Amino acid sequence: MTSLDTGLELLDGHQTNPRNKVPDVTAAFWLIKLMAVTMGETAADYLNVNLGMGLTTTSLMMAVILIGTLALQFSRERYVPWTYWLNVVLISVVGTLVTDNLVDNLGVGLVTCTAVFSVALAACFALWYGEEGTLSIHDVDNPVREAFYWVAILFTFALGTAAGDLVAEQFALGYLASGILFGSVIASLALGYFALGLDGIPAFWLVYILTRPLGASFGDLLSQPVDYGGLGFGTVMTSLGFLAVIVATVAAMSLGLRRR
């Protein structure tokens, strides 16, 4: 195997189940996930604030687009990188907007949002396990499991948004300190999985939740004005930069699948 082949293996992962509709967890999986949630935060801010579309209009527009891309995802017979990751990027935006609508438009507190989405995610997992007998992401190979998977993903983004805003804003830790906090928790979970025998399923979903506030914290750090504790790069430049990384990595994944 050439060095290029080895690199592509690390990027797209080896699908142990050829009918699985979602990617195996690799370094590239977490790289794109982190980029997607960061872009979701900055893109939602750009559409809502910079373009002046408002939360309601932005939310409805993005929800309609997401429904269309999810229909495309469900029509696939196997994992297709660009289709899958397009939905992750869009659902990160929609999940952010769901929480923002509850907080800004309906006046629901961040503590309440965090609690409600935690319960909703737990209920989704309970129904998923009761129906299918597994929560494994290695066997998302039928429409029922895939539906539960995407509902769970939506709840993780909404929950991560609420928890991240709660820590960064209401607890006043700031963007950088919040990012370091969530990064440390993720590192602890990784240590538990690789060294202490922590079960892979809860470890995966906990990290999936926590990468949302981690990415949002660094997204805000990069995009927000200096007066608000950011570095002032703006939402446009930050979103485009992360989008470029996502496109390049997904292109490499697609090339790896095509070569095999």
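In this chain, residues are counted from 1 in sequence order. Hydrogens, waters and symmetry mates are skipped; everything else that's a heavy atom, side chains included, is used. Keep in mind the model is a prediction, meaning the values are calculated, not measured.
Transitive grouping of hydrophobic side chains (ILVMFWY, heavy atoms separated by less than 4.5 Å) keeps Val98 and Val119 in distinct clusters. Under a hydrophobic clustering in which Ile, Leu, Val, Met, Phe, Trp and Tyr are joined whenever their side-chain heavy atoms come within less than 4.5 Å, directly or via other members, Trp30 and Leu181 fall into the same cluster. With hydrophobic clusters built from ILVMFWY side chains whose heavy atoms lie under 4.5 angstrom apart, Ile91 shares a cluster with Val247. Linking ILVMFWY residues whenever their side-chain heavy atoms come closer than 4.5 Å, directly or via other members, places Leu166 and Leu106 in the same cluster. The hydrophobic clustering, which links ILVMFWY residues whose side-chain heavy atoms are closer than 4.5 Å, places Ile67 and Trp82 apart.
In the displayed structure, Tyr193 atom OH is contacted under 6.0 Å by at most 12 heavy atoms of other residues, nucleotides or ligands. Other residues, nucleotides and ligands place more than 12 heavy atoms under 6.0 Å from the CZ atom of Phe74.
Of all heavy-atom pairs between Val108 and Cys113, the closest is CG1-SG, 3.6 Å. For the residue pair Ala163 and Phe182, the shortest heavy atom distance occurs at O-CZ, 4.1 Å. The nearest pair of heavy atoms linking Leu97 to Ser59 is CB-OG, 3.6 Å.
By the 4.5 Å heavy-atom criterion applied to side chains, Thr249 and Trp85 are not counted as neighbours. Within the 4.5 Å cutoff, the side chain of Asn20 has no heavy atoms near those of the Asp139 side chain. Side-chain atoms of Leu189 and Leu210, non-hydrogen and from C-beta on, do get closer than 4.5 Å to each other. Counting heavy atoms from C-beta outward, Gln73 and Glu146 have side chains that approach closer than 4.5 Å. Residues Ile209 and Leu121 have side chains in contact (heavy-atom distance under 4.5 Å, counting atoms from C-beta outward). Taking the side chain as every heavy atom from C-beta outward, Phe29 and Thr26 approach each other to under 4.5 Å. Annotation: side chain of Leu34 is in contact with side chain of Leu214 (closest heavy-atom distance under 4.5 Å). Residues Ile137 and Trp205 meet the side-chain proximity criterion, which asks for heavy atoms closer than 4.5 Å.
Between the side chain of Arg19 and the backbone N or O of Asp141 there is at least one donor-acceptor pair closer than 3.5 Å. Using a distance-only test at 3.5 Å, with no hydrogens or angles considered, a donor-acceptor pair links the side chain of Thr69 to the main chain of Leu66. Judged by distance alone, with hydrogens and angles left aside, the side-chain atoms of Lys33 form a donor-acceptor pair with the main-chain N or O of Tyr208 at under 3.5 Å. The main-chain N or O of Thr161 is never found under 3.5 Å from a side-chain atom of Thr99 such that the two would form a donor-acceptor pair.
To the nearest 0.5 Å, atoms OG (Ser92) and CG (Leu154) are separated by 10.5 Å. With rounding to the nearest 0.5 Å, the separation of CG in Asp199 from CG in Leu135 is 10.0 Å. With values rounded to the nearest 0.5 angstrom, Thr56 atom OG1 is found 4.5 Å from Asn105 atom CG. Summarising the geometry, atom CG belonging to Leu31 is positioned 11.5 Å from atom OG1 belonging to Thr211; distances are rounded to the nearest 0.5 Å. For the atom pair Leu206 CG and Ile201 CD1, the distance stands at 12.0 Å (nearest 0.5 Å). A distance of 11.0 Å separates CG of Leu70 from OG1 of Thr83, quoted to the nearest 0.5 Å.
The aromatic rings of Tyr149 and Trp128 stand perpendicular to each other, their planes meeting at an angle above 60°, with 30° marking the opposite boundary. Between Phe117 and Phe155, the ring planes are tilted. Angles from 30° to 60° get that label.
Not a single salt bridge (charged side-chain N to carboxylate O under 4.0 Å, His left out) links Arg76 to another residue, sequence neighbours left out. Applying the side chain to side chain donor-acceptor pair (under 3.5 Å) criterion to Glu132, with sequence neighbours excluded, gives Asn142, Arg145.
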>> Go through it in stages, so that I can follow the logic: the residues are Val94 and Phe157, the test is side chain to side chain contact (heavy atoms under 4.5 Å, CB included), and I'd like the CA-CA distance, side-chain angles, deciding distance and then a yes or no.
In response: CA-CA 8 Å; Val94 173; Phe157 280 117; over 6 Å; no

> Can you check side chain to side chain contact (heavy atoms under 4.5 Å, CB included) on Ile153 and Val88, steps first, answer last?
Replying inline: CA-CA 8 Å; Ile153 294 299; Val88 171; 5.5 Å; no

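Taking the six-membered ring for Trp, Trp150 and Tyr84 have ring centres closer than 6.0 Å. Note: Phe125 and Tyr129 fail the aromatic proximity criterion, with ring centroids not under 6.0 Å apart.
His138 and Asp24 are linked by a side-chain donor-acceptor pair at a separation below 3.5 angstrom, with hydrogens and angles left out of the test.
Of the candidates Thr96, Val103, Leu102, Asp100 forms a side-chain contact (heavy atoms from CB on, under 4.5 Å) with just one, namely Thr96.
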